[in-house]
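Right, one structure below, let's go through it.
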Amino acid sequence: MAGGTAAQQNWRPVTVAEMQREIAGKPMKSRMADRSEATFRLRPDNKVEVRGNRSLDGTWRVSDKGDCTIYPNVRGGAEACFEIIRRPDGAFEVYDQKGEFQGRMAPQ
């Protein structure tokens, strides 16, 4: 799945316009770092849904490199921001603020 950090792969983060056009509002098939699968959706009303082995509901906002989410029952409700990288095959990889791989997603 991940072959190094985004910087090592020389991939680029999605822009705000790309995020809004290609990811927001669309159900995304996701495979997480732990190999579990889920459907991830950033809704236009700034709600986020994750459905898979465990269901999560929260809020999201666009950041300059991807998105930031808040899930009330995860991390004590603290916001976490992620860098979303477009892969050459059209899928997206997600990295946390430490540069650790979090998952891969593509439109369903």
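Residue L56 holds its CG atom at 13.5 Å from CD1 of I70, rounded to the nearest 0.5 Å. In this structure, the separation between CE on M105 and CD1 on I84 is 4.0 Å, given to the nearest 0.5 Å. Note that CD of Q20 is 11.5 Å distant from CG of D67, once rounded to the nearest 0.5 Å. Here R12 contributes atom CZ and E18 contributes atom CD; the two are 4.0 Å apart, rounded to the nearest 0.5 Å. To the nearest 0.5 Å, the span separating OG on S55 from CD on E49 amounts to 9.5 Å. Between D64 atom CG and E83 atom CD the span is 9.0 Å, to the nearest 0.5 Å.
For the pair W60 (side chain) and A24 (backbone), a donor-acceptor distance under 3.5 Å is absent. Side-chain atoms of E93 do not come within 3.5 Å of backbone N or O of A91 as any donor-acceptor pair.
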Side chain to side chain contact (heavy atoms under 4.5 Å, CB included) evaluation trace for N53 with M32: CA-CA 11 Å; N53 289 343; M32 308 304 189; over 6 Å; no
After noting the C-alpha distance and the side-chain angles of Q102 and F82, does the key distance pass the side chain to side chain contact (heavy atoms under 4.5 Å, CB included) rule?
CA-CA 9 Å; Q102 299 297 300; F82 301 92; 4.0 Å; yes
For this session: In sequence, state the C-alpha distance, the side-chain angles, and the governing distance for I85 and Y95, and then conclude on side chain to side chain contact (heavy atoms under 4.5 Å, CB included).
Result: CA-CA 8 Å; I85 304 297; Y95 293 84; 3.9 Å; yes
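Of all heavy-atom pairs spanning R75 and A80, the tightest one is NH2-CB, 3.1 Å. The minimum heavy-atom distance between G25 and P44, with the atom names listed, is CA-CD, 4.0 Å. Of all non-hydrogen atoms in Y71 and F40, the two that sit nearest each other are OH-CE1, 3.8 Å.
Between R41 and D57, no side-chain nitrogen of the basic residue sits less than 4.0 Å from a carboxylate oxygen of the acidic one, so the salt-bridge criterion is not met. The residues R43 and D45 are annotated as salt-bridged, a charged nitrogen and a carboxylate oxygen being separated by less than 4.0 angstrom. Ionic pairing of D89 and R87 is present here: one or more N-O contacts between side-chain nitrogen and carboxylate oxygen are shorter than 4.0 angstrom.
S30 and E37 share no donor-acceptor pair across their side chains, judged by distance under 3.5 Å alone.
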